[in-house]
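Values in this document were obtained by computation on a predicted structure and should not be read as measured data.
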Amino acid sequence: MRSLLVCLCCVLLDLTTVQSRVLMQGRIVGGHTAAPNSIRYMVSLQSTRGQHFCGGSLVHRYWVLTAAHCNIGAEHMMIVAGDYIVNSFEGTEQYAKPHRLVTHPLYNESTNNADIMLIKLRAPMVLNRYVSLAPLPKQGTGVVEGLVCRVSGWGYNSAGGGRAPFTLRTVTVPIVSSARCNSSESFNGNITANMICAGYRTGGKDACKGDSGGPLVCGGLVYGVVSWGNGCGNAKFPGVYSAVSKFRRWIDQNIYRSHYRCTRY
């Protein structure tokens with residue numbers, strides 16, 4: 001009995017550690033409250049106790065796109081679509097438990113490379129006036145420096161933390177070139193080909209803790225997944241996102257695996 005209790009304590013400690021890492025690694029600062037149900041593909045990843053810890057995008061009725069570092073284990077997650085105020089039941093929400101989590105095989109926790117994950121739901125979300133699918137870019141397509149994009153989430157609105165807003169927030173940020181983001185004055189070579197940066201030279205607008213896994217939308221398509229950064233809204237360090245177009249083929253292969261298998265021959 002004692003050994004069983006020790007093991008249970010270890011599991012709970014491990015879960016707490018993972019959740020703390022997720023909340024700290026994720027990184028809306030300088031934005032505003034989104035119009036109710038205006039970002040219908042946005043989902044909230046919550047613990048089984050109802051605590052929001054990451055964002056995501058509904059890309060198929062059965063699938064959610066998010067960040068790999070948001071993985072706290074399928075048994076500890078609940079996916080909520082159609083949400084706007086995360087601590088209040090509004091009657092527009094849909095809930096689904098994950099069936100399985102598919103982390104990209106190249107994900108590296110140390111470098112944050114390939115920080116992207118798919119969540120297969122046990123039951124499909126119903127598409128309606130509150131829930132829709134996120135449009136994704138084609139494989140290999142890029143975004144040009146200066147293009148203004150939008151990132152949304154329920155994350156903290158200041159680098160110092162404090163209390164996270166319960167209402168969905170959004171902010172616009174321009175794309176930053178990989179060369180400038182990788183310069184010695186910024187991330188100094190730590191930006192890989194699978195990442196894109198976005199932020200103002202003056203700082204002040206960014207994603208923040210709790211926004212991890214959420215969408216960076218450029219021209220109506222989800223080009224980025226909130227991944228990591230150095231603080232929130234720091235002028236020298238733009239927000240860093242996983243480049244969705246680098247993984248579009250992988251996303252489709254996982255979602256439509258049975259179709260690919262049938263049409264191969």
Side-chain angles (χ1 to χ4, degrees), residues 24-34 38-39 41-42 54-57 59 65-70 111-117 134-138 140-159 165 168-248:
M24 290 305 295
Q25 186 172 4
R27 300 173 326 79
I28 277 280
V29 175
H32 60 274
T33 300
S38 60
I39 309 174
Y41 47 79
M42 185 89 198
C54 273
S57 301
V59 295
L65 179 69
T66 188
H69 76 260
C70 291
T111 65
N112 299 303
N113 186 51
D115 183 15
I116 198 164
M117 178 173 71
L136 304 180
K138 294 179 180 179
T141 55
V143 283
V144 297
E145 183 175 20
L147 178 66
V148 177
C149 306
R150 179 180 68 181
V151 59
S152 308
W154 288 276
Y156 291 81
N157 54 21
S158 71
L168 182 64
R169 294 178 64 82
T170 187
V171 68
T172 55
V173 285
I175 296 295
V176 175
S177 70
S178 294
R180 181 157 74 86
C181 204
N182 247 338
S183 71
S184 58
E185 295 183 352
S186 191
F187 288 105
N188 198 29
N190 290 313
I191 304 302
T192 72
N194 292 321
M195 302 174 189
I196 54 178
C197 300
Y200 288 93
R201 288 182 180 271
T202 53
K205 295 186 177 183
D206 199 0
C208 204
K209 292 186 297 181
D211 292 320
S212 286
L216 177 73
V217 178
C218 310
L221 305 176
V222 178
Y223 269 93
V225 168
V226 178
S227 180
W228 64 288
N230 187 346
C232 308
N234 190 315
K236 290 186 176 181
F237 299 97
V240 186
Y241 303 80
S242 297
V244 174
S245 69
K246 299 286 186 178
F247 304 102
R248 178 60 194 272

Run the numbers on Ile175 and Leu216 for side chain to side chain contact (heavy atoms under 4.5 Å, CB included), then give the verdict.
-> CA-CA 10 Å; Ile175 296 295; Leu216 177 73; 4.2 Å; yes
Step by step, would you call Val226 with Val151 a side chain to side chain contact (heavy atoms under 4.5 Å, CB included)?
-> CA-CA 8 Å; Val226 178; Val151 59; 3.6 Å; yes
Derivation and outcome, side chain to side chain contact (heavy atoms under 4.5 Å, CB included), residues Asn112 and Val240 | CA-CA 10 Å; Asn112 299 303; Val240 186; over 6 Å; no
Please step through side chain to side chain contact (heavy atoms under 4.5 Å, CB included) for the pair Leu168 and Met42, ending with a clear verdict.
-> CA-CA 9 Å; Leu168 182 64; Met42 185 89 198; 4.2 Å; yes
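Distance check: Asp115 CG to Ser242 OG gives 4.5 Å after rounding to the nearest 0.5 Å. Rounding to the nearest 0.5 Å places SG of Cys218 at 9.0 Å from OH of Tyr241. Between Ile191 atom CD1 and Ser178 atom OG the span is 7.5 Å, to the nearest 0.5 Å. Rounded to the nearest 0.5 angstrom, Cys181 SG and Phe237 CZ are separated by 9.5 Å. Atom SG of Cys197 sits about 10.5 Å away from atom CD of Glu145, to the nearest 0.5 Å.
Residue pairs satisfying the side-chain hydrogen bond (donor to acceptor under 3.5 Å, both in side chains) criterion with at least one member in residues 182-197, sequence neighbours excluded, are listed as follows: Asn113-Thr192, Asn113-Asn194.
Closest heavy-atom contact between Pro137 and Val222: CD-O, 3.1 Å. Among all heavy-atom pairs drawn from Asp206 and Gly231, the shortest one is OD2-O, 4.1 Å. Considering every non-hydrogen atom in both Ser245 and Lys138, the closest pair reads CB-O, 3.4 Å. Nearest heavy atoms, Thr66 versus Gly55: OG1-O, 2.8 Å. Considering all non-hydrogen atoms of both residues, Asp211 and Gly155 come closest at OD1-N, 2.7 Å. In plain terms, the two heavy atoms of Ala235 and Arg201 that are nearest each other are CB-O, 3.2 Å.
Arg150 has its side chain out of reach of Val171: every pair of non-hydrogen atoms, C-beta onward, lies at least 4.5 Å apart. At least one side-chain heavy atom of Val225 sits less than 4.5 Å from a side-chain heavy atom of Val244. For the pair Val143 and Tyr223, the minimum side-chain heavy-atom distance is below 4.5 Å. No side-chain heavy atom of Ser227 sits less than 4.5 Å from a side-chain heavy atom of Met195.
A side-chain donor from one of Ser212 and His69 sits under 3.5 Å from a side-chain acceptor of the other.
Phe187 and Trp228 have their aromatic ring centers within a separation under 6.0 angstrom.
Formation of a donor-acceptor pair under 3.5 Å by the Arg169 side chain with backbone atoms of Gly31 is found in this model. Judged by distance alone, the side chain of Arg248 and the main-chain N or O of Leu136 form a donor-acceptor pair under 3.5 Å.
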